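Report on the following structure.
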Amino acid sequence: LEIPGVSLAKTGVSFNEFTLRLPVSVPIFLKHMEKLNIFAGIDISYQEQQTRQTVHHLLIAVTELKSKTELDQTAAVFSAVISQLQEDLS
């Protein structure tokens, strides 16, 4: 599933943890997901020293404990929340 504006922050080998680059504030995104009773990951955003801009990174883990259906449902909610937050910014 591709979510507009969301990309892998790092490439290479990973086990079941991934760092995503989000197009919105991670703390705000996480608060929205928490309201839906979804633990969506850990904020590992940082501020670039030269540009002083925030790089929005989210650490997520995906394991075999969740079914494909559950992962698809979570991804759909993830996408909807990102879209809503992007609309709010426009």
Side-chain angles (χ1 to χ4, degrees):
L1 174 69
E2 283 193 39
I3 299 171
V6 177
S7 61
L8 282 174
K10 295 181 183 182
T11 58
V13 179
S14 63
F15 182 58
N16 53 351
E17 290 184 348
F18 305 89
T19 302
L20 301 178
R21 182 183 298 253
L22 302 187
V24 297
S25 165
V26 175
I28 292 171
F29 168 77
L30 290 174
K31 283 181 187 176
H32 279 77
M33 295 296 279
E34 186 179 333
K35 288 178 187 175
L36 299 169
N37 294 318
I38 298 173
F39 176 73
I42 298 172
D43 181 8
I44 57 170
S45 300
Y46 62 94
Q47 188 175 60
E48 294 234 345
Q49 288 184 336
Q50 292 179 348
T51 65
R52 310 231 17 97
Q53 291 187 342
T54 301
V55 177
H56 305 289
H57 280 181
L58 176 69
L59 179 66
I60 64 168
V62 180
T63 70
E64 70 283 353
L65 298 177
K66 299 290 182 184
S67 70
K68 179 167 178 359
T69 301
E70 289 172 308
L71 293 175
D72 288 344
Q73 290 170 343
T74 301
V77 172
F78 189 107
S79 181
V81 170
I82 292 284
S83 294
Q84 182 61 53
L85 291 173
Q86 286 179 306
E87 283 180 27
D88 292 349
L89 292 174
S90 333

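Counting from 1, the numbers follow the sequence of the chain as shown. Owing to the predicted nature of the structure, the values given are computational and were not obtained by experimental measurement.
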4.5 Å side-chain heavy-atom contact, Glu17 and Leu59: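 Contact flag for Glu17/Leu59 side chains = yes.
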Nearest 0.5 Å, what's the CG-OG distance between Leu22 and Ser45?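 That separation rounds to 7.5 Å.
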At what distance, to the nearest 0.5 angstrom, does NE2 of His32 lie from CG of Leu85?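 Reported to 0.5 Å precision, the distance equals 5.0 Å.
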Test of understanding: with side-chain hydrogen bond (donor to acceptor under 3.5 Å, both in side chains), list the residues that count as partners of Asn16, not counting sequence neighbours. none
Got a sec, which pairs hit ring pair (Phe, Tyr, Trp, His ring centres under 6.0 Å) with one end in residues 36-82, sequence neighbours left out?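 Non-adjacent pairs meeting ring pair (Phe, Tyr, Trp, His ring centres under 6.0 Å): Phe29-Phe78, Tyr46-His57.
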Which heavy atom of [X] sits nearest a heavy atom of [Y], and at what distance?
X: Gly5; Y: Pro23; answer: O-CD, 3.3 Å
X: Pro4; Y: Ile82; answer: O-CG2, 4.1 Å
X: Gly41; Y: Leu30; answer: O-CD2, 3.8 Å
X: Val26; Y: Leu58; answer: CG1-CD1, 3.9 Å

Side chain to side chain contact (heavy atoms under 4.5 Å, CB included) with Phe15: which residues, sequence neighbours excluded?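 Expected list: none.
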If we ignore hydrogens and angles and just use 3.5 Å, is the side chain of Gln47 paired with the main-chain N or O of Arg52 as donor and acceptor?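 Yes; judged by distance alone, with no hydrogens or angles, the pair exists.
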More than 12 non-hydrogen atoms from neighbouring residues, nucleotides or ligands closer than 6.0 Å to CD1 on Ile28, yes or no? no
If you draw a 6.0 Å radius around CD in Gln86, do more than 12 non-hydrogen atoms from other residues or ligands fall strictly inside?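 Enclosed.
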Stepwise, does the side chain to side chain contact (heavy atoms under 4.5 Å, CB included) test hold for Gln73 with Val77? CA-CA 6 Å; Gln73 290 170 343; Val77 172; 5.8 Å; no
According to a 4.5 Å side-chain heavy-atom criterion applied to Ile, Leu, Val, Met, Phe, Trp and Tyr, with indirect links allowed, do Met33 and Ile42 form part of one hydrophobic cluster? no
